[in-house]
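Just below is one structure, and these are the notes that go with it.
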Amino acid sequence: MAPREIVAIVVLTAAAVASWYLSLSPGDEETAPPSLDGSQRGYYLRSARILGTAPDGSLLYELQAREAEQLGQDRIAFSDVHIDYSPQSDVPWSVDADRATIHTEAPTMVLLEGHVRAISSEGFSGNDTEIRTEYLEIYPEEFLAETDERVQIRIGERSLTATGMLASLQDNQVKLKSNVRGKFAP
């Protein structure tokens, strides 16, 4: 055997032993936990309840939902939503919707979708006021609600429809943006 062949056999044997050693299980080494990416889901809750507080810590509003689910890192989705203001906030409105979303980028805004219905017990002329739309952005800490979608407002037997609305819930005022049509009976 030539010295060259002996060196090749030694190198190949060393490589085989090294690959066998590296293929053994890591033993004491810790494995890294799987990283969370946007496609993995976060938490899921039933009978969810979120309490919004004023700067002084008092209860301002309560959001209740049948289910809540974290979607990615920046959204929480709710189903069968009901929002009530606390009696201390002096806001006579409650809001219901099929779905709601809160984005972590804008946590003070709640996006409501699907059969959105806002009702005030202190309506005009002693009648309840009801606002219906398919989409509503509500800012519960600022007592504001806004949409650019079609809205229907009922005050007793009176009815208005419009495209777009801005409502100040604390002041009990509604401003309609465009295409206002109404039906008023004496």
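On a predicted model such as this, the values are computed, not experimentally measured, just so you know.
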>> Can you tell whether the side chains of Glu105 and Arg75 come within less than 4.0 Å, N to carboxylate O?
In response: no
>> Testing the basics here: between Lys177 and Thr147, what is the closest heavy-atom pair and its distance to 0.1 Å?
In response: NZ-O, 3.7 Å
>> Quick check for you: to the nearest 0.5 Å, what is the distance between Arg66 atom CZ and His82 atom NE2?
In response: 15.5 Å
>> If we check side chain to side chain donor-acceptor pair (under 3.5 Å) with Tyr44, which of these qualifies: Glu69, Glu67, Gln70?
In response: Glu67
> Is there a donor-acceptor contact under 3.5 Å from the side chain of Tyr85 to the main chain of Pro140?
Replying inline: yes
> Phe78 pairs by side chain to side chain contact (heavy atoms under 4.5 Å, CB included) with which of Val110, Asp98, Leu63?
Replying inline: Leu63
>> Can you confirm whether more than 12 heavy atoms, excluding those of Lys175, are under 6.0 Å from its NZ atom?
In response: no
> Just wondering, more than 12 heavy atoms not from Asp90 lying within 6.0 Å of its CG?
Replying inline: no
> To the nearest 0.5 Å, how far apart are NE2 in His115 and CG in Asp80?
Replying inline: 11.5 Å
>> Strictly below 4.0 Å, N to O, side chains only: are Glu130 and Arg117 in salt-bridge contact?
In response: yes
> Any chance CZ of Arg99 has more than 12 other-residue heavy atoms, nucleotides or ligands included, within less than 6.0 Å?
Replying inline: yes
>> Can you tell me how far apart CD (Gln152) and CG (Leu160) are? Round to the nearest 0.5 Å.
In response: 9.5 Å
> Given the rule in the side chain to side chain donor-acceptor pair (under 3.5 Å) test, do Trp93 and Asp84 qualify, once you have shown the distances and angles that lead to the verdict?
Replying inline: CA-CA 7 Å; Trp93 291 87; Asp84 262 330; over 6 Å; no
> Step by step, would you call Leu112 with Val81 a side chain to side chain contact (heavy atoms under 4.5 Å, CB included)?
Replying inline: CA-CA 8 Å; Leu112 300 168; Val81 179; 4.2 Å; yes
> Within a strict 4.5 Å, meaning less than it, do heavy atoms of the Thr161 and Val151 side chains meet?
Replying inline: no
>> Testing the basics here: between Ser79 and Ala65, what is the closest heavy-atom pair and its distance to 0.1 Å?
In response: O-CB, 3.5 Å
>> If I compare all heavy atoms of Arg150 with all of Thr133, which pair ends up nearest, and what's the gap?
In response: O-OG1, 2.8 Å
> Nearest 0.5 Å, what's the OG-OH distance between Ser89 and Tyr61?
Replying inline: 11.5 Å
> Say you draw a straight line from OG1 of Thr163 to CZ of Arg181; how long is it, rounded to the nearest 0.5 Å?
Replying inline: 8.5 Å
>> Rounded to the nearest 0.5 Å, what separates atom CD in Glu146 from atom CE in Met109?
In response: 10.0 Å
